[in-house]
Amino acid sequence: MKKIIFTEKAPAPIGPYNQAVLVGNTLFSSGQIALDPATMELVLDDIETETKQVMENLKAVLEAADMTFENVIKTSIFIMNMGDFARINAVYGSYFNEATAPARETVQVACLPKNVNIEISMIAVK
């Protein structure tokens with residue numbers, strides 16, 4: 001049985017999906033982009049700021065499911081420009097303990113929702 005996870009501390013869905021779904025002990029998050037949950041405005045100052053907003057949105061979803069980044073077992077990172085990888089990775093890496101960091105893939109894509117530069121989704125297990 002699935003449980004829908006929702007928090008006002010992360011952006012409300014902008015389509016027919018939920019922020020995350022918990023099935024048993026496994027949380028599947030939807031992809032997050034750099035929307036400020038308070039204003040629903042994009043935070044696109046630079047790639048570091050954009051990545052930090054994405055990670056903070058994911059953190060809020062994890063907390064709504066009583067989890068932390070330590071529970072994350074897999075991430076998918078979609079970026080517009082692979083040239084931004086090192087800068088994205090520096091921000092992303094600050095949220096994890098390198099010794100227990102999750103599996104992941106990082107993929108350059110042609111376009112993302114609202115023409116953002118990065119989107120990240122996660123799978124976490126309690």
Side-chain angles (χ1 to χ4, degrees):
M1 181 162 243
K2 68 182 182 180
K3 176 183 177 186
I4 303 304
I5 301 298
F6 176 82
T7 178
E8 291 183 4
K9 294 179 181 178
I14 55 175
Y17 62 90
N18 289 290
Q19 292 169 332
V21 176
L22 184 65
V23 180
N25 291 330
T26 305
L27 181 73
F28 300 88
S29 81
S30 291
Q32 286 289 329
I33 60 175
L35 282 170
D36 179 329
T39 64
M40 290 301 285
E41 297 291 324
L42 288 169
V43 178
L44 303 175
D45 301 335
D46 55 49
I47 195 63
E48 290 88 355
T49 304
E50 188 174 352
T51 303
K52 183 174 194 255
Q53 183 64 58
V54 171
M55 295 302 289
E56 289 297 314
N57 292 344
L58 288 163
K59 180 180 177 182
V61 172
L62 287 166
E63 288 174 351
D66 295 320
M67 294 188 195
T68 70
F69 284 107
E70 281 297 312
N71 296 99
V72 177
I73 60 167
K74 176 77 165 56
T75 63
S76 297
I77 304 175
F78 303 96
I79 60 178
M80 290 289 293
N81 180 359
M82 197 57 78
D84 289 334
F85 178 80
R87 294 165 58 202
I88 290 167
N89 201 49
V91 175
Y92 169 92
S94 72
Y95 285 82
F96 293 99
N97 174 340
E98 192 169 329
T100 60
R104 81 166 189 209
E105 68 264 334
T106 303
V107 181
Q108 181 173 316
V109 296
C111 190
L112 287 166
K114 296 188 173 274
N115 294 311
V116 298
N117 299 297
I118 182 169
E119 180 174 2
I120 302 175
S121 64
M122 297 182 166
I123 300 171
V125 176
K126 204 180 248 187

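As a basis for the values below, the full set of heavy atoms in this structure was taken, side chains included, without hydrogen atoms, waters or symmetry mates. Remember, predicted model here, so these are calculated numbers, not experimental data.
With Thr51 contributing its side chain and Ile88 its backbone, the two residues share no donor-acceptor pair below 3.5 Å. Looking only at distances, no side-chain donor or acceptor of Thr7 sits under 3.5 Å from a matching main-chain atom of Val61. Side chain of Asn57 to main chain of Leu35: a donor-acceptor pair is present (N/O by atom type, distance under 3.5 Å, no hydrogens or angles). Without hydrogens or angle criteria, Glu50 side chain to Asn117 main chain gives a donor-acceptor distance under 3.5 Å. Lys9 contributes no side-chain N or O that, together with a main-chain N or O of Ala64, makes up a donor-acceptor pair within less than 3.5 Å.
Within the model, atoms CG of Asn71 and CE of Met122 stand 11.0 Å from one another, a figure rounded to the nearest 0.5 Å. Between the OH atom of Tyr95 and the CG atom of Leu58 there is a distance of 9.5 Å, given to the nearest 0.5 Å. Remark: Glu56 CD to Lys52 NZ distance equals 5.0 Å, nearest 0.5 Å. Separating the CD1 atom in Ile5 from the NZ atom in Lys2 is a distance of 12.0 Å, to the nearest 0.5 Å. Going from atom CZ of Phe85 over to atom OG1 of Thr106 covers 5.0 Å, rounded to the nearest 0.5 Å. Summarising the geometry, atom CE belonging to Met55 is positioned 4.0 Å from atom CZ belonging to Phe69; distances are rounded to the nearest 0.5 Å.
For Ile14 against Tyr17, the heavy-atom pair with the smallest separation is N-OH, 3.1 Å. Contact detail for Phe78 and Leu112: the closest heavy-atom pair is O-CD1, 3.5 Å. Residue Ser29 comes nearest to Ala20 through the heavy atom pair CA-CB, 3.9 Å, listed as atom of the first residue, atom of the second, then distance.
The neighbour count for Lys114 NZ, taken as heavy atoms of other residues, nucleotides or ligands under 6.0 Å away, does not exceed 12. For CD of Glu105, the number of neighbouring non-hydrogen atoms (other residues, nucleotides, ligands) closer than 6.0 Å is greater than 12.
Ile118 has its side chain within reach of Ile79: a pair of non-hydrogen atoms, C-beta onward, lies under 4.5 Å apart.
With Pro37 as the fixed residue, the side-chain contact (heavy atoms from CB on, under 4.5 Å) test singles out one of Gln19, Gln32, Gln53: Gln53.
In the hydrophobic clustering of ILVMFWY residues, with side-chain heavy atoms under 4.5 Å counting as a link, Val54 and Val107 come out apart. Hydrophobic clustering (side-chain heavy atoms under 4.5 Å, transitive across Ile, Leu, Val, Met, Phe, Trp, Tyr) groups Ile120 together with Leu27. Ile73 and Leu22 are members of different hydrophobic clusters when ILVMFWY side chains are connected at heavy-atom separations under 4.5 Å. In the hydrophobic clustering of this structure, Met82 groups with Ile77; members are Ile, Leu, Val, Met, Phe, Trp, Tyr whose side-chain heavy atoms approach within less than 4.5 Å, directly or through other members. Connection of Met40 to Val116 is established within a shared hydrophobic cluster, with ILVMFWY side chains joined at heavy-atom distances below 4.5 Å, either directly or through further cluster members.
Figure legend: cation-pi geometry between Arg104 and Phe96 absent, as NZ or CZ is not positioned both under 6.0 Å from the six-membered ring centre and within 45° of its axis.
Side-chain contact check for Thr100 and Glu70: at least one donor-acceptor pair (N or O, by modelled atom type) lies under 3.5 Å.
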Under the side chain to side chain contact (heavy atoms under 4.5 Å, CB included) rule, what do Phe6 and Asn18 come out as? Steps first, then yes or no, please.
CA-CA 7 Å; Phe6 176 82; Asn18 289 290; over 6 Å; no
